[in-house]
Amino acid sequence: MSERSTTPDSDSPATNFVRELVEADVKAGKARGRVGTRFPPEPNGYLHIGHAKSICLNFGLAQKFGGTCNLRLDDTNPLAESEEYVRSIIEDVHWLGFDFGERLYFASDYFLQIYEWAEQLVRQGKAYVDDRGLEEIRSSRGNFYAVGQESPYRSRSIEENLDLLKRMRAGEFGDGERVLRAKIDMSSANQNMRDPVMYRIRHATHHRTGDTWCLYPMYDWAHGLCDAIENITHSVCTLEFEDHRPLYDWFLLTLGIEGDKKPQQIEFARLNLTYTVLSKRRLQQLVEEKLVSSWDDPRMPTLAGMRRRGFTPESIRKFCDQIGVSKREGTVEVQLLEFIQREDLNQRCRRAMGVLRPLKVTIENWPSDRTEYVELLNHPEYPERGTRRVPFSGTLFVEQDDFREVAPPKWYRLTPGQEVRLRGACLVTCKSVRKDADGKVVELRCEYDPNSWGGQAPDGRRVKGTLHWVSAAHAVDAEVRLYDRLFSTEYPMAGPEGTNWRNAVNQNSLEICPDAKLEASLASAPVLDRLQLERLGYFCVDRETTPERVVLNRTLELKDAWAKLEKKLGCP
RNA sequence: UCCGACGUCGUCUAAAGGCAGGACAAGGGACUUUGAAUCCCUGAAUCAUGGUUCGAAUCCAUGCGCCGGAACCA
């Protein structure tokens, strides 16, 4: 009978309480079974992974029940909002993979209708103009423990209220001189019901309506009305609006919008992620205070940042499916996000070789003018994705990290006298080391086994280490940017009293390798192209790439069993 | 001191009165021309107390804990 999915062992997402509520409404025939949702961001910042959760929920609901999901820009506060943000929001929703077709709306499109409803409320004796200033109104609202006091203007006549409201709209009053308030209950335990402000006066230019209005509706006043105008059936929002639901309902019901016409507000727990902050305000501070380079800095949890970092929209959606939707506030470990990205990138990305911090290797018994080509699989699990020819010569670069003059236990890589495999090419042994005046190793002198071409030991001897390499003469110069978590603590906002969250910013979240060397096939990789550099991680071509120099962002490292082992051996 | 929510492995999430399951993380092993991937294994939870019931994570009561709420922000 029930269609609840139980324990999905596939990637089919489990159901959630919102979906179940909607499903019950559909079955009960509410709104004749139609489902309408919306994603309503305020254009005052870039969208982040937390918004992705909401986008997936809302668009997912529409998809699941054959309904529609609108993108609505909630632009009721001209002081905070801008067109740049509108542009980025539209781009990011599209990139995430959701199509809202023609259903792109703006709260500001409804300003006239909302105003007319305000007049209706005044005529019903349910709203009044308060002449007092912000401080007076605030202090008369009471607090958690004390009820509020009624405004002396609360009992004005309907005629006077109507006149005043019209004059407010006409611009007769200055900012903050008067507000329109709903007449509800100053003694309500829910402070949202203590005659909330509906309209404030702001002589400000709106990015869409210009100077048409000097009256701007508050969120509580506008939101439910916008939902009603758009025939939203289920208005999904985050938990902090739970206390606002009685007000949401009051406005609608008082205006006579009820039954199937009245949208239902449902609240769910917003996303929190470890090692991350997810609040537009904090993200904006990171940008403004130059703690990151921009809203799309690859360390940012914004969709723009994650896109530039190399994350795929598919795997962000998958992440949103996997974390579920509930009313329990919690914090998802960022490792889950990383796991899902790696899982996706592993399947998707072609392999290539590149060296981040080059160390010169000379193969002494290799003829100096000889170049061979090795044919390497583009993807080890999918031979059908083809191969590429990679040039090999007697002067190579390997990773500085792959050489230790004194080898620790279990070291399978280069160290004097130890044989290693150069991926796809041959077995080599380090014979000697050259150092500069400071004692820094600047070159490895090696010999290769001519019978090992291809990388196979001729006598079946075990060679455990396999290293990536790039032929010096054929290498492409690149700058590679290595990113780490933006914050060095799991809960950046949870420091002891008085701690500044900015102190939790990871000072080493960006490391630049300016002299990286890539295999020749990467010379003309397009911006946003993703690939795996074997043994190093997943990378994405940055938009700052020029014809002279490739710039790569490291999306994520590969899992590193050696780093783990070394750590374990190093600190017992 | 008020109002509204929420308490299930370390984390997220299932179980709608009937076997507490999955994923990530952690630990161990196999395999390996990426110390990757893949495969196998292990440990790990119902906030507490009382009640209802043949049977409670689930219903009831009380307590405790945690989150949100006192913008002319959203």
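Everything numeric in this text was worked out from a predicted model, so none of it was measured. Every heavy atom of this structure was used, including side-chain atoms; hydrogens, water molecules and symmetry mates were not. Letters A, B, ... are given to chains in the order of the sequence lines, protein chains preceding strands, and every chain is numbered from 1.
Here the C1' atom of nucleotide B:G35 and the CD atom of A:E557 are 13 Å apart, to the nearest Å. Remark: P of B:U38 and CG of A:L345 are 13 Å apart, rounded to the nearest angstrom. Nucleotide B:U34 holds its C1' atom 11 Å from the CG atom of A:D402, rounded to whole Å. Remark: C1' of B:A26 and CG of A:L565 are 15 Å apart, rounded to the nearest angstrom. Remark: C1' of B:A36 and CZ of A:R350 are 18 Å apart, rounded to the nearest angstrom. Across the protein-nucleic acid pair, A:D243 atom CG and B:A5 atom C1' stand 8 Å apart, rounded to whole Å.
Taking only side-chain atoms of A:M218, from C-beta outward, the nucleotide of B:G69, B:G35, B:A74 with the closest atom is B:A74. Nearest to the side-chain atoms of A:I137 among the listed nucleotides B:C72, B:A74, B:A5 stands B:C72. Relative to the side chain of A:N77, the nucleotides B:A36, B:G69, B:C73 differ in distance, and B:C73 lies closest. With B:U34, B:A74, B:A25 as the candidates, the nucleotide lying closest to the side chain of A:T466 is B:U34. Of the candidates B:C6, B:G35, B:U34, the closest approach to any side-chain atom of A:D560 belongs to B:G35. Of the candidates B:G35, B:A37, B:U13, the closest approach to any side-chain atom of A:A561 belongs to B:G35. Candidate nucleotides B:C12, B:C72, B:A25 were compared by shortest atom distance to the side chain of A:V197, and B:C72 ranks first. Closest approach to the A:T76 side chain among B:G35, B:A74, B:C72 is made by B:A74 (side chain taken as heavy atoms from C-beta onward).
Contact check, A:K568 against B:G35: no side-chain N or O comes under 4.0 Å of OP1 or OP2. Distances shorter than 4.0 Å separate some side-chain N or O of A:R141 from OP1 or OP2 on B:C72. Taking only side-chain nitrogens and oxygens, A:R138 never comes nearer than 4.0 Å to OP1 or OP2 of B:A70. Side-chain nitrogen and oxygen atoms of A:K318 include none within less than 4.0 Å of the OP1 or OP2 phosphate oxygen of B:A23. Under 4.0 angstrom from either OP1 or OP2 of B:G35 there lies no side-chain N or O belonging to A:R413. Side-chain N/O atoms of A:K564 include one lying less than 4.0 angstrom from OP1 or OP2 on B:A26. Checking the phosphate oxygens (OP1, OP2) of B:U34, no side-chain nitrogen or oxygen of A:R342 falls inside 4.0 Å. Look at A:R72 and you won't find any side-chain N or O under 4.0 angstrom from OP1 or OP2 of B:A74.
Side-chain to base pairing of A:H244 with B:A74: one donor and one acceptor N or O lie within less than 3.5 Å of each other. The base of B:G69 does not come close enough to the side chain of A:E242 for any donor and acceptor atom to sit less than 3.5 Å apart.
Taking for each of A:E177 and A:L336 the nucleotide of RNA chain B with the nearest heavy atom, the 5'-most of the two is the partner of A:L336. Residues A:Q532 and A:T331 each lie close to RNA chain B; by heavy-atom proximity, the contact nearer the 5' end of the strand is made by A:T331.
Nucleotide B:G17 has no partner under the Watson-Crick or G-U criteria, as no pair reaches both atom distances under 3.5 Å. For B:A48, the paired base is B:U62 (Watson-Crick or G-U wobble, both distances below 3.5 Å). Using Watson-Crick or G-U wobble geometry with both donor-acceptor distances under 3.5 Å, B:A30 finds its partner in B:U38.
Seen from the ring of A:F106, A:R208 counts as a face-on cation partner, given the 6.0 Å and 45° thresholds.
Checking A:S82 against A:E84 by side-chain atom types alone, no donor-acceptor pair falls below 3.5 Å. No donor-acceptor contact under 3.5 angstrom links the side chains of A:S151 and A:R181, judged on distance only. Under the 3.5 Å distance criterion, with hydrogens and angles disregarded, no donor-acceptor pair is assigned to the side chains of A:R245 and A:N192.
Here, B:U11 and B:G63 have their P atoms 27 Å apart, quoted to the whole Å. Rounded to whole Å, the C1' atom of B:A30 lies 16 Å from the corresponding atom of B:A36. Taking atom C1' on both B:C64 and B:G50, the two are 14 Å apart, rounded to the nearest angstrom. One C1' atom belongs to B:C31, the other to B:C41, and the distance between them is 15 Å to the nearest Å.
A:G176 comes within 4.0 angstrom of a nucleotide base, judged by non-hydrogen atoms across all strands.
Contact record, A:Q347 with A:H379: O-NE2, 3.5 Å, taken as the closest heavy-atom pair.
Taking syn as a glycosidic angle within 90° of 0, B:A71 qualifies as syn.
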